[in-house]
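All remarks here apply to the structure that follows.
Throughout, protein chains are lettered first and strands after them, A, B, ... in sequence-line order, and every chain is numbered starting at 1.
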Number of protein chains: 2
Amino acid sequence: MADDRLSVIFGALADPTRRAILARLAQGPASVNELAEPFAMTLPAVSKHLKVLERAGLISRGREAQWRPCKLEAEGLQEASEWVDRYRQFWESSYDKLDAHLKNMMKGT
Amino acid sequence: MADDRLSVIFGALADPTRRAILARLAQGPASVNELAEPFAMTLPAVSKHLKVLERAGLISRGREAQWRPCKLEAEGLQEASEWVDRYRQFWESSYDKLDAHLKNMMKGT
DNA sequence: CGGTTAATTAGCTTGTTGGTAAATTACCCA
DNA sequence: TGGGTAATTTACCAACAAGCTAATTAACCG
């Protein structure tokens, strides 16, 4: 995968395990073991996913005794959102056109 | 990469060439050769990128004589946006907290 | 028909991803 | 000190992504 910021961010989001981890972290911080628990996957595998998310600026990791609590970070998510938002106008206008088309059909013209 | 819809969509966005193609298509439809022109890359490589974008529902391809004009599609973009939007509240509240923190500092307390 | 242009498919190489098991680091507690 | 728990690192493997060249399909034109 390319290593520019946006590619790293979207690449991190392109995996259901990683999206599930983000969804969990949206409820509050968690340890690696807590995050790993729902998945049929070894701990090192989850650890790798966390590293990908961290590199993308989607999470950060702290230190508390032998735990390394993860928490969601706004930065990466916001960058992704900003990129996608540039296309919002496009699809909104597509729906306007569809809407106009349907109305036209229903008029029977 | 996983083959669920969102992973396919984010995976397609995780490449600067593909994002540049989408940016070009936001200005209007284009042929494969037109799309390939800005890149130091062979035509088959661009063709592959287009297939990835098509599979993700980000573009569609038509037929006009020997040309296969591509155009932007709202569908995939909108799904990506909807997913990211679920986290908007999170980072907005993060900024609120930052804002509150800064105001507090400036009060000198 | 034969030639040209547009685009895709096929086959190959190279580097990366996602997983594992085993070893290691780091910290707590008795 | 030694044992237990949390997490990462290392070494390895299979599958996949992204690029290339060469060959092929498809449509037009003369």
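Using a 4.0 Å cut-off between a side-chain N of Lys or Arg and a carboxylate O of Asp or Glu, Asp3(A) and Arg55(A) do not qualify as a salt bridge. Taking the charged nitrogens against the carboxylate oxygens, Glu73(B) and Arg61(B) have no contact shorter than 4.0 Å, which rules out a salt bridge.
Look at CD1 on Ile59(A): it is 13 Å from C1' on dA7(D), rounded to the nearest Å. Following rounding to the nearest Å, Phe39(A) (CZ) and dT20(C) (P) show an atom-to-atom distance of 13 Å. Distance, Met1(A) CE to dG19(D) C1': 17 Å, rounded to whole Å. Taking atom CG of Asp4(A) as the reference point, atom C1' of dA18(D) lies 15 Å away to the nearest angstrom. Summarising the geometry, the separation between NZ on Lys48(B) and P on dA17(D) is reported as 10 Å, rounded to the nearest angstrom. Following rounding to the nearest Å, Met41(A) (CE) and dT17(C) (P) show an atom-to-atom distance of 16 Å. Look at CG on Leu50(B): it is 15 Å from P on dA6(C), rounded to the nearest Å. With rounding to whole Å, Gln66(B) atom CD is found 9 Å from dA26(D) atom C1'.
Within 6.0 Å of the CZ atom in Arg24(B), the count of heavy atoms belonging to other residues, nucleotides or ligands exceeds 12.
Counting only N and O atoms by type, the side chains of Arg88(A) and Ser81(B) include a donor and acceptor under 3.5 Å apart.
With distances taken from any side-chain atom of Lys51(A) to the nucleotides dA6(C), dC27(C), dT9(D), the minimum falls on dT9(D). Of the candidate nucleotides dA26(D), dC28(C), dA18(D), dC28(C) has the atom lying nearest to any side-chain atom of Ala65(A). Among the nucleotides dT21(D), dA21(C), dA6(D), the one closest to any side-chain atom of Pro44(A) is dA21(C). Side-chain proximity of Ser47(A) to dC28(D), dT8(D), dC20(D): nearest is dT8(D). For Leu43(B), whose side chain is taken as the heavy atoms from C-beta onward, the closest listed nucleotide among dC20(D), dA6(D), dA7(C) is dA7(C). When distances are taken from the side chain of Asn33(A) to each of dA6(D), dG19(C), dA7(C), the shortest belongs to dA6(D). Checked against dG18(C), dC27(C), dT8(C), the side chain of Asp15(A) finds its nearest nucleotide in dG18(C).
Place Arg61(A) and Gly11(B) on DNA chain D by their nearest nucleotides, and Arg61(A) ends up nearer the 5' end. Along DNA chain C, the nucleotide nearest to Trp67(A) and the one nearest to Arg18(A) differ in position, and the one closer to the 5' end is contacted by Arg18(A). Between Val32(B) and Thr42(A), the residue anchored closer to the 5' end of DNA chain C is Val32(B), taking for each the nucleotide with the nearest heavy atom.
Within the 4.0 angstrom heavy-atom criterion, only backbone atoms of the sugar-phosphate kind lie near Ser31(A); the bases stay farther away.
Below 30°, between 30° and 60°, or above 60°: for Trp83(B) and Phe10(B) the angle between ring planes is above 60°, a perpendicular geometry.
Between Arg68(B) and dA27(D), a side-chain N or O to OP1/OP2 separation shorter than 4.0 Å is absent. Not one side-chain nitrogen or oxygen of His49(B) sits closer than 4.0 Å to the OP1 or OP2 atom of dA17(D).
Using a 4.5 Å cut-off between side-chain heavy atoms of Ile, Leu, Val, Met, Phe, Trp and Tyr, with links allowed through other members, Phe39(A) and Leu6(B) fall into the same hydrophobic cluster.
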